[in-house]
Amino acid sequence: MEVMEAAFDPTWGEAWNRRQVSDALIMPTTHAIIIDTAGAIDEAATNETAGFCLSRHTSGEEELLLIGVKPALRGSGLGRKLIERLIRNAQTRDASRIYLEMRANNPAENLYRTIGFQPIGKRPKYYRLSNGERMDAITFGLPI
Ligand SMILES: CC(C)(COP(=O)(O)OP(=O)(O)OC[C@H]1O[C@@H](n2cnc3c(N)ncnc32)[C@H](O)[C@@H]1OP(=O)(O)O)[C@@H](O)C(=O)NCCC(=O)NCCS
């Protein structure tokens, strides 16, 4: 939750609260990965937590629900490492594709594209921002 609170700009209303996270993690299909400041993952992560991702598995597909890295630790490959681990974990769950949905102006798009995600759909005016504005959602997919 410390990473969640630091990583997501409140303008976009994307952060989940503790209740939303714990409700999601009760479901056996929801998975979390954490990464520490040294890039170690899950059981190996013994330093301060730097980032996390949450995903959901459904019949042959994995959906990346949320990914966040503390602002001061960005740009050093932790986000990419989280997604690479997610890809490996999803393969062990027999997923053949990973999906994610993001608001149209999210700079994380660069990271997704360098990993190989391609835009496959658009939901016009899908997100409602705190100021009442609407923003498109873009769906990206990656065969794995
Ligand atoms: C997306 C996010 C997890 C990436 O984490 P990261 O550790 O910086 O990722 P990496 O270091 O592996 O990759 C960084 C690349 O992502 C892109 N990128 C991601 N977020 C960016 C941002 N806010 N500003 C600029 N570039 C960004 C850049 O292309 C960058 O590449 P570069 O370092 O070569 O310029 C992080 O920016 C973040 O927490 N963002 C806020 C939360 C969010 O919007 N999450 C996605 C929606 S759920």
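Remember, it's 1-based here, ligands and their atoms both numbered in the order they're listed.
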> How close do Ile144 and Ala90 get, heavy atom to heavy atom, and via which atoms?
Replying inline: CD1-CB, 3.8 Å
>> Taking Gly39's backbone N and O only, do any of them form a donor-acceptor pair with Asp36's side chain (distance below 3.5 Å, no angle check)?
In response: yes
> Among the clusters formed by ILVMFWY side chains lying less than 4.5 Å apart, do Ile67 and Phe8 turn up in the same one?
Replying inline: no
> Can you name the side chain to side chain contact (heavy atoms under 4.5 Å, CB included) partners of Ser76, sequence neighbours left out?
Replying inline: Leu78
> Protein residues near ligand 1, heavy-atom distance below 4.0 Å?
Replying inline: Ala7, Phe8, Leu66, Ile67, Gly68, Val69, Arg74, Gly75, Ser76, Gly77, Leu78, Gly79, Arg80, Asn106, Pro107, Ala108, Asn110, Leu111, Tyr112
> Is it the case that Glu48 and Thr37 place a side-chain donor and acceptor less than 3.5 Å from each other?
Replying inline: no
>> Check the orientation of Tyr112 and Phe117. Use parallel for under 30°, tilted for 30 to 60°, and perpendicular for over 60°.
In response: perpendicular
